[in-house]
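So you know, we letter chains A, B, ... as the sequences are listed, proteins then strands, and number each from 1. Both backbone and side-chain heavy atoms feed into the values below; hydrogens, waters and symmetry mates do not.
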Amino acid sequence: MKFKLYDSVKKEKLDFTPIKEGEVSIYICGPTVYDDAHLGHARSALSFDLLRRTLKELNFKVTLAKNFTDIDDKIINKLKKSNQTLQELTEYYINRYLCDMDSIGVQRADIEPKATEHIEAMESMIDTLLKSGYAYKLDNGDIYFDSTKDSKYGSISNMVIDEDATQSRLENIDGKKDPKDFALWKSCKGDEDICFDGLMPSGRPGWHIECSAMIAKHFNGDDNYCIDIHCGGADLLFPHHENEAAQTRCSLNKEIAKYWMHNGFVQIDGEKMSKSLGNSFFLKDALKIYDGELLRFYLITIHYRNDFNFNEEDLHASKKRLDKLYRLKKRLYGGKASKPNSNFKNELLEAMSDDLNSSKAFAIVDEMISNINETLDKEPKNRALKQEALANIEFIGSLLGVGCKDAIEWFQQGVSKEDKEKIETLIAKRDSAKNKRDFELADSIRDELKSMGITIMDTADGTKWEKL
RNA sequence: GGCGGCAUAGCCAAGUGGCUAAGGCAGGAGCCUGCAAAGCUCUGAUCCCCGGUUCGAAUCCGGGUGCCGCCUCCA
């Protein structure tokens, strides 16, 4: 099966051909760790988690790196307001990030490089650029990349910047030769700055150079490319990825990545997520209210390239949709999985192999659920089908990362042990009333349960309950 | 000012030239049930507007309108 992806630089869907047969190298631009992860981080992580899972299912040997930017202006600003060291602060947020991503089923990266651990690699890259004339030093010691020396500058974002640039908001610092030029190295600006001493004058790296240097250090690629796929949020295309590509091209004489993938943005109730608007939604806050797997499901039911409008109403619709998968799983409770239906498996994998068409994949899942339920209504004892259905659900779990939890517990989340006992007692009471055909009492007990947020269902295996 | 994206039923959302325009939520009808719930069945749109290309377009091209993003740190 061919994997197809939409290359956001070439702007077309392409057949994926890896640099090395059967292997894939992926680099994702990870977070700057100065605060907790928000829903946008979640969406980006989930998009490329699906990429990784799909490629693995297609039998590629996947090596995935996701960096942490642990030195930057925002971190330094935050540090000034706290009494933590740089390492304490960034390690705290790195752990928070990893925990939050664990909660939504994002598999850990194979390599998690930190900027501060790659200062030498960055310095050596900058040194190469300086020596070959692609970079220059300002009077204050800052080192800038000379974008005019790179004839391919602009080829990634297709961004042509007017020489006049009257409307451009590119920062124009005295001494910069061209508005497009960007900082490779920032010289030490005083006691409150965080500085590194090495090959370069005391100072710290610019943002863009870290990705180029970390990719160069961890991946070999071939003569033309460093890695197969470079991923990140849509906002990174320019200037971040343009600049990364330029640095790599000019220092290593090859392109940084063969393919580029960018995920769409998350909005909340139709508005851009931002702290100034007061609607910034941290993943940790969402996790206090909603189950992590539900958030995952909700965030991946829409194609990764589209913008995503996060809102409670759609989230509840998603909950009901995911419930259907768990109801089937509950119906199959206690059975053993055999092998997934090969048609189902192929269709699902094919959908995901088509530029991660998760919307289509879930439509296939829904149809599978309906089909199994329909057959099971007619043939409740079809054991082979039940075992196959369980295997289907396991496959969904490994490819899409949902439906992995215990089906009984799924519907009883947030119910305390005492309440569970109380519910069981009430159900027993109702059963005996029902047996005596005292439906008035039975119904009043059902109402009582409903007021506790519990719904019940009479089945062939007795009365079952769920939290509403 | 420059670059780019999007517009499909009440809502969410696939579809990128051709069988009856996927799927979900909500709604309606039915089967099942003591009644419910769950499950199942049936039920809805000609695809923002105008023009063009084509035997044939939601899908391609041109022109509108509207929304959004990037060009400053940003997933």
Classify the nucleic acid contact of [X] as base, sugar-phosphate or nothing, counting any heavy atom under 4.0 Å across all strands shown.
{"X": "A/Ala363", "value": "base"}
{"X": "A/Gly264", "value": "base"}
{"X": "A/Asn263", "value": "base"}
{"X": "A/Glu466", "value": "nothing"}
{"X": "A/Asp235", "value": "base"}
{"X": "A/Gly40", "value": "base"}
{"X": "A/Val365", "value": "nothing"}
{"X": "A/Lys320", "value": "sugar-phosphate"}

Closest nucleotide among [options] to the [X] side chain:
{"X": "A/Asp72", "options": "B/A14, B/C35, B/C73", "answer": "B/C73"}
{"X": "A/Lys272", "options": "B/G69, B/G39, B/C25", "answer": "B/G69"}
{"X": "A/Asn158", "options": "B/G4, B/A75, B/A36", "answer": "B/G4"}
{"X": "A/Lys324", "options": "B/C71, B/G15, B/G39", "answer": "B/G39"}
{"X": "A/Arg327", "options": "B/G24, B/G39, B/A75", "answer": "B/G39"}
{"X": "A/Ser44", "options": "B/G5, B/C25, B/A75", "answer": "B/A75"}
{"X": "A/Ala442", "options": "B/A14, B/A75, B/G34", "answer": "B/G34"}

Output every pair passing salt bridge (Lys or Arg N to Asp or Glu O under 4.0 Å) with a member in residues 305-318 of chain A, not counting sequence neighbours, ordered by first then second residue.
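Sorted pair list: A/Arg305-A/Asp355.
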Could you give the [atom1]-to-[atom2] distance, from [X] to [N], as a whole number of Å?
{"X": "A/Glu379", "N": "B/G39", "atom1": "CD", "atom2": "P", "answer": "20 Å"}
{"X": "A/Asn371", "N": "B/G39", "atom1": "CG", "atom2": "C1'", "answer": "13 Å"}
{"X": "A/Tyr153", "N": "B/C71", "atom1": "OH", "atom2": "P", "answer": "12 Å"}
{"X": "A/Lys13", "N": "B/G5", "atom1": "NZ", "atom2": "P", "answer": "16 Å"}
{"X": "A/Leu236", "N": "B/C71", "atom1": "CG", "atom2": "C1'", "answer": "14 Å"}
{"X": "A/Met457", "N": "B/C40", "atom1": "CE", "atom2": "P", "answer": "13 Å"}
{"X": "A/Ile268", "N": "B/A75", "atom1": "CD1", "atom2": "C1'", "answer": "13 Å"}
{"X": "A/Glu347", "N": "B/A22", "atom1": "CD", "atom2": "C1'", "answer": "11 Å"}

Under the salt bridge (charged side-chain N to carboxylate O under 4.0 Å, His left out) criterion, do A/Asp150 and A/Arg249 qualify, and how do the steps go?
CA-CA 8 Å; A/Asp150 176 18; A/Arg249 188 155 50 228; 2.9 Å; yes
Expressed as a whole number of Å, how far does the [atom1] atom of [N] sit from that of [M]?
{"N": "B/C31", "M": "B/A37", "atom1": "P", "answer": "14 Å"}
{"N": "B/G17", "M": "B/A57", "atom1": "P", "answer": "14 Å"}
{"N": "B/G24", "M": "B/C40", "atom1": "P", "answer": "9 Å"}
{"N": "B/A26", "M": "B/G10", "atom1": "C1'", "answer": "8 Å"}
{"N": "B/C68", "M": "B/G56", "atom1": "P", "answer": "38 Å"}
{"N": "B/A7", "M": "B/C49", "atom1": "P", "answer": "13 Å"}
{"N": "B/C60", "M": "B/G15", "atom1": "C1'", "answer": "16 Å"}
{"N": "B/C61", "M": "B/U53", "atom1": "C1'", "answer": "7 Å"}

Within the 3.5 Å criterion, strictly below it, is a donor on [X] or [Y] matched to an acceptor on the partner's side chain?
{"X": "A/Lys360", "Y": "A/Ser358", "value": "no"}
{"X": "A/Thr63", "Y": "A/Asp110", "value": "no"}
{"X": "A/Asn373", "Y": "A/Arg327", "value": "no"}
{"X": "A/Lys464", "Y": "A/Tyr333", "value": "no"}

Under a 3.5 Å cut-off for both distances, is B/G62 Watson-Crick or wobble paired, and to whom?
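B/C50 is the nucleotide pairing with B/G62.
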Find the partner of B/G69: check Watson-Crick (N1-N3 plus N6-O4 or O6-N4) and G-U wobble (N1-O2, O6-N3) distances, both under 3.5 Å, and reply none if neither fits.
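The answer is B/C3, by the H-bond criterion.
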What residues form a side-chain contact (heavy atoms from CB on, under 4.5 Å) with A/Ser151, not counting sequence neighbours?
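Not a single residue meets the side-chain contact (heavy atoms from CB on, under 4.5 Å) criterion with A/Ser151.
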My understanding is that only residues two or more places apart in sequence, or in another chain, count here; which of them pass ring pair (Phe, Tyr, Trp, His ring centres under 6.0 Å) with A/His240?
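Per chain and number, A/His240 pairs via ring pair (Phe, Tyr, Trp, His ring centres under 6.0 Å) with A/Trp207, A/His208.
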Test ring pair (Phe, Tyr, Trp, His ring centres under 6.0 Å) applied to A/Phe265 - qualifying residues, sequence neighbours left out
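Listed in chain order: nothing, the list is empty.
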RNA chain B contacts made by residues 433-441 of chain A, counting heavy atoms under 4.0 Å:
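Only A/Lys434, A/Phe439 qualify.
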Partners passing disulfide bond (SG atoms under 2.5 Å apart) against A/Cys195 (at least two apart in sequence or in another chain)
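Partners of A/Cys195 by the disulfide bond (SG atoms under 2.5 Å apart) criterion, ordered by chain and then number, come out as A/Cys188.
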Respond yes when some side-chain nitrogen or oxygen of [X] is under 4.0 Å from OP1 or OP2 of [N], and no when none is.
{"X": "A/Lys450", "N": "B/A36", "answer": "no"}
{"X": "A/Thr459", "N": "B/A38", "answer": "no"}
{"X": "A/Arg305", "N": "B/G5", "answer": "no"}

With RNA chain B as reference, determine whether A/His316 or A/Gln267 sits nearer its 5' end, using the nearest nucleotide of each.
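Nearest-nucleotide comparison on RNA chain B picks A/His316.
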For A/Gly233 and for A/Asp458, locate the closest nucleotide of RNA chain B by heavy-atom distance; then report the residue assigned to the nucleotide nearer the 5' terminus.
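Looking at the nearest nucleotide for each, A/Asp458 comes out on the 5' side.
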Apply side-chain hydrogen bond (donor to acceptor under 3.5 Å, both in side chains) to A/Asn95 and list each qualifying residue two or more places apart in sequence or on a separate chain.
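Listed in chain order: nothing, the list is empty.
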Under the side-chain hydrogen bond (donor to acceptor under 3.5 Å, both in side chains) rule, collect the residues that match up with A/Arg96, sequence neighbours excluded.
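With sequence neighbours excluded, A/Arg96 shows a side-chain hydrogen bond (donor to acceptor under 3.5 Å, both in side chains) to A/Asp36, A/Asp100, given in chain and number order.
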Please step through salt bridge (charged side-chain N to carboxylate O under 4.0 Å, His left out) for the pair A/Arg321 and A/Asp366, ending with a clear verdict.
CA-CA 8 Å; A/Arg321 194 178 186 184; A/Asp366 286 327; 2.6 Å; yes
Determine whether a donor-acceptor pair (one donor, one acceptor, N or O, separation below 3.5 Å) exists between the side chain of A/Asp377 and the base of B/C31.
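No.
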Side-chain donor/acceptor of A/Arg446 to base of B/A36, under 3.5 Å:
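Flag set: donor-acceptor pair detected.
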Which pairs, protein N/O on one side and nucleotides 10-13 of chain B N/O on the other, fall under 3.5 Å?
residue	atom	partner	partner atom	Å
B/A13	O2'	A/Ser359	OG	3.3

Can A/Phe362 be classed as stacking with the base of B/G24, given a centroid separation cut-off of 5.5 Å and a plane angle cut-off of 30°?
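No; by the centre-distance and plane-angle rule, A/Phe362 does not count as stacking on B/G24.
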